[in-house]
Colleague: 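One structure is given below, represented as structure tokens, and several questions about it will come after.
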Amino acid sequence: MDHRGRPTDRNRYAGHIRPSYLRDVSDPRPWTDPHLRAAWAKGDWSEIFRRYRHVAGLTQRQLEPLVGMAQPYISDIERKKVTVTSAEVVERITLGLGVPEELSGVSGHEDNPSIWQPPVELRERIAHAHTTGRADLSLATWISDVLATYRRAEDTASGRDLWPVVRSQLDAVTRLLPDSSGETADGLLSLAAEHAHWLSWVAAQENQTGPALAWLDLAQGWAIDAGADNLSSWVNRVRSYYALDRGDPVRALRIAGQARLNVAALSPAAVAAAAQQEGLAAAALGERDRARRLADEAYELALQVPDAEDRPGWLYWLDPVRAQIQRADMAYAVRDYSDAAAGYAQSLDQLRDYPRDHAYYAARYQDARSRTSSN
């Protein structure tokens, strides 16, 4: 049995000494890697083999018994001299590499507008939540762990490439709902809401404004149904961000205020994120003193939860370094460029493990410095 109780073929090693590197052919750990999952979604066999070997620490020779191919053929696949077309071979690779159940049937992303929209069947599955029954949550736990890995890989992994994978994961989660009830159903609804939020964010990055808002509506509704106050607050914060990004600071300010109405039930990190967004909206409306006050409030709140395990999973990034950067962002927004430059300078060295963010804030630091010298 694999990690979800699924039968696996272990007889292939009967009569042979099992190599030490084949501790478990269905070991799921390599499949937490977002780049590997994205490669599977695209059907990129070269990248699948290379990435799997990289994550699992295997040579091409060690991959042979897992996929039932000789090393020279594996090499040809990785160099894109040949590809995999046989259904039988795909099935053998799927079994040998322990491809998770929720990735079965995943196909590459298509340039079809309908692919971005939430499907009707998701709402129908949610409608059957809170009935009686018992659901096996091992799959949901696994998917929750994988989603956390995606969040931490945002600097290098493409959301567009992972889109069909996350959609498949959401399908797997919502299929568990008809057999769940009580706290179990609440947990599944919350996990579904996290996926919907992620899909909304990716759609927004792809300039798919309508689908982005549609997914966010689903996320908000499911978060409320689950009693997930922190997630509901965060979704409102994201909605405020969308409004500000579209040039509507009045609406953004109002929505951000809604994100921190129920302060007593929220994590300090959630309130900090909402206060920062409210401050940015206030700055866009010329309310500089209000923006500065909210920036100080957001900073102090973020410092109350410096450890990631004390914050909601989607706020893993809001550590003291990011809190300082957000403070600098607010200074920039209210045109206190000297304070902004000082704040960015204080944090830049600690962003070197995040190349995209480091490049962005290095440029912003230089811009704040130039604006300071010109004033």
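This is a predicted model, so every value here is computed, not measured.
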Colleague: Should Arg260 and Glu297 count as side-chain neighbours, where that means a heavy-atom distance under 4.5 Å?
Modeller: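 Yes, close enough: below the 4.5 Å cut-off.
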
Colleague: Are Leu294 and Val263 linked, directly or through other ILVMFWY residues, by side chains that come within less than 4.5 angstrom of each other?
Modeller: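 In one cluster: no.
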
Colleague: Side-chain heavy atoms under 4.5 angstrom apart, residues restricted to Ile, Leu, Val, Met, Phe, Trp, Tyr: same cluster for Met69 and Leu36?
Modeller: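 Same cluster: Met69 reaches Leu36 through Ile, Leu, Val, Met, Phe, Trp or Tyr contacts under 4.5 Å.
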
Colleague: Within a reach of under 6.0 Å around CZ of Arg251, are more than 12 heavy atoms found that belong to other residues, nucleotides or ligands?
Modeller: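 For Arg251, atom CZ is not crowded (no more than 12 foreign heavy atoms under 6.0 Å).
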
Colleague: Just how far is it from atom CD of Glu278 to atom CD of Glu287, taken to the nearest 0.5 Å?
Modeller: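 Glu278 atom CD to Glu287 atom CD measures 9.5 Å (nearest 0.5 Å).
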
Colleague: Taking C-beta and beyond as the side chain, do Asn230 and Trp314 meet within less than 4.5 Å on heavy atoms?
Modeller: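 Yes - at least one pair of side-chain heavy atoms lies under 4.5 Å apart.
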
Colleague: Please tell me whether Met330 and Tyr337 are part of a single hydrophobic cluster in this structure, the criterion being side-chain heavy atoms less than 4.5 Å apart.
Modeller: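 They do not share one cluster, since no chain of ILVMFWY contacts under 4.5 Å joins Met330 to Tyr337.
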
Colleague: So do Tyr242 and Val238 actually touch side chain to side chain, heavy atoms under 4.5 Å?
Modeller: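 SC-SC contact between Val238 and Tyr242 confirmed.
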
Colleague: For Ile325 and Arg364, what are the C-alpha separation, side-chain angles and deciding distance, and is it a side chain to side chain contact (heavy atoms under 4.5 Å, CB included)?
Modeller: CA-CA 11 Å; Ile325 290 174; Arg364 192 159 244 222; over 6 Å; no

Colleague: Report whether Ile93 and Val82 are members of the same hydrophobic cluster (ILVMFWY, side-chain heavy atoms less than 4.5 Å apart, transitive linking).
Modeller: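 Ile93 and Val82: one cluster.
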
Colleague: Would Tyr316 end up clustered with Trp234 when hydrophobic side chains under 4.5 Å apart are linked, directly or stepwise?
Modeller: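 Yes, Tyr316 connects to Trp234 through the hydrophobic network.
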
Colleague: Of all heavy-atom pairs between Trp222 and Ala196, which one has the smallest distance, and what is that distance?
Modeller: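 That would be CZ3-CB, 3.9 Å.
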
Colleague: Do the two ring centres, one from Trp201 and one from Tyr241, sit under 6.0 Å apart?
Modeller: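 Close enough - the centres of the two rings lie under 6.0 Å apart.
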
Colleague: For Arg53 and Glu78: C-alpha separation, side-chain torsions, deciding distance, then whether salt bridge (charged side-chain N to carboxylate O under 4.0 Å, His left out) applies.
Modeller: CA-CA 11 Å; Arg53 290 197 305 103; Glu78 292 192 3; 2.7 Å; yes

Colleague: Between Arg290 and Val334, is there a side-chain heavy-atom distance shorter than 4.5 Å?
Modeller: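 The answer is no; the side chains never approach within 4.5 Å.
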
Colleague: Assess the residue pair Tyr361 and Asp329 against the criterion (side chain to side chain contact (heavy atoms under 4.5 Å, CB included)); give the C-alpha distance rounded to whole Å, side-chain angles, the decisive distance to 0.1 Å, and a yes or no.
Modeller: CA-CA 9 Å; Tyr361 285 111; Asp329 280 338; 3.3 Å; yes

Colleague: Nearest 0.5 angstrom please: Arg237 CZ to Leu280 CG, how far?
Modeller: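 The distance works out to 8.0 Å.
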
Colleague: For the CG atom of Leu97 and the CD1 atom of Ile48, what is their distance to the nearest 0.5 Å?
Modeller: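 These two atoms lie 8.5 Å from each other.
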
Colleague: One thing to verify: whether Asp289 and Arg292 come together as a salt bridge, which I'm taking to mean a side-chain N less than 4.0 angstrom from a carboxylate O.
Modeller: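 Here Arg292 pairs with Asp289 in a salt bridge, since their nearest N and O are under 4.0 Å apart.
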
Colleague: Does Gln366, at its CD atom, have more than 12 non-hydrogen atoms belonging to other residues, nucleotides or ligands within less than 6.0 Å?
Modeller: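 More than 12 within 6.0 Å, yes.
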
Colleague: Between Gln60 and Gln71, is any side-chain donor less than 3.5 angstrom from a side-chain acceptor?
Modeller: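 There is such a pair (donor and acceptor under 3.5 Å, judged by atom type) between the side chains of Gln60 and Gln71.
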
Colleague: Donor-acceptor pair, distance only, cut-off 3.5 Å: does the side chain of Arg239 make one with the backbone of Leu213?
Modeller: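 A pair under 3.5 Å: no.
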
Colleague: Any idea how Tyr344 and Tyr332 line up, ring-wise: parallel (<30°), tilted (30 to 60°), or perpendicular (>60°)?
Modeller: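 Aromatic pair Tyr344/Tyr332 classed tilted.
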
Colleague: Does the pair Leu162 and Trp198 meet the rule for a side chain to side chain contact (heavy atoms under 4.5 Å, CB included), with working shown?
Modeller: CA-CA 10 Å; Leu162 286 170; Trp198 190 96; 3.7 Å; yes

Colleague: Which heavy atom of Ser190 sits nearest to which heavy atom of Ala228, and what is that distance?
Modeller: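 For Ser190 and Ala228, the tightest heavy-atom pair comes out as OG-CB, 4.0 Å.
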
Colleague: Look up atom NE2 in His358 and atom CG in Asp349, then write down how far apart they are to the nearest 0.5 Å.
Modeller: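 Answer rounded to 0.5 Å: 6.5 Å.
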
Colleague: Ala226 and Leu189: which non-hydrogen atoms are nearest, and at how many Å?
Modeller: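 Nearest pair, atom of Ala226 first, then Leu189: CB-CB, 3.8 Å.
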
Colleague: Can you name the nearest heavy-atom pair linking Ala219 to Val235, along with the distance?
Modeller: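 Where Ala219 meets Val235 most closely, the heavy atoms are CB-CG2, 4.1 Å.
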
Colleague: For Gly343, is there any backbone N or O sitting under 3.5 Å from a side-chain donor or acceptor partner on Arg327?
Modeller: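 Here the side-chain-to-backbone pair does not exist.
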
Colleague: Are side-chain heavy atoms of Glu194 and Val173 found at a separation under 4.5 Å?
Modeller: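 Result no, sub-4.5 Å side-chain heavy-atom pair not found.
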
Colleague: Mind checking the CZ-CZ spacing from Arg288 to Arg293? Nearest 0.5 Å is all I need.
Modeller: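 Here the rounded value is 15.5 Å.
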
Colleague: Going by heavy atoms in the side chains, are Leu318 and Gln276 under 4.5 Å from each other?
Modeller: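 SC-SC contact between Leu318 and Gln276 ruled out.
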
Colleague: Could you check whether atom CD of Glu309 has more than 12 heavy atoms from other residues, nucleotides or ligands sitting under 6.0 Å from it?
Modeller: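 It does: Glu309 CD has more than 12 such atoms within range.
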
Colleague: Using side chain to side chain donor-acceptor pair (under 3.5 Å), reason through Gln169 and Arg37 one step at a time and then give a plain yes or no.
Modeller: CA-CA 11 Å; Gln169 289 177 194; Arg37 294 171 77 89; 2.7 Å; yes

Colleague: Rounded to the nearest 0.5 Å, what separation is found between the CG atom of Leu261 and the OG atom of Ser233?
Modeller: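 So the gap between those two atoms works out to 9.0 Å.
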
Colleague: To check you understand the geometry: which heavy-atom pair defines the closest contact between Gln62 and Gly57, and what is its length?
Modeller: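 That would be OE1-O, 3.9 Å.
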
Colleague: Does the side chain of Leu177 come within less than 4.5 Å of Ser180's, by heavy atoms?
Modeller: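 Ser180 reaches Leu177 side chain to side chain.
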
Colleague: What heavy-atom pair brings Ala340 and Ala331 nearest, and what distance separates the two atoms?
Modeller: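 Closest approach of Ala340 to Ala331, heavy atoms only: N-CB, 3.7 Å.
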
Colleague: Taking the side chain as every heavy atom from C-beta outward, state whether Trp31 and Val55 have any pair of such atoms under 4.5 Å apart.
Modeller: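 In short, these two side chains do not touch, never coming nearer than 4.5 Å.
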
Colleague: If you draw a 6.0 Å radius around CZ in Arg369, do more than 12 non-hydrogen atoms from other residues or ligands fall strictly inside?
Modeller: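 No, CZ of Arg369 has 12 or fewer neighbouring heavy atoms, counting only those of other groups under 6.0 Å.
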
Colleague: Start with the C-alpha gap between Gln208 and Trp215, add the side-chain angles, then the distance that decides, and say whether side chain to side chain contact (heavy atoms under 4.5 Å, CB included) holds.
Modeller: CA-CA 11 Å; Gln208 299 289 331; Trp215 282 112; over 6 Å; no

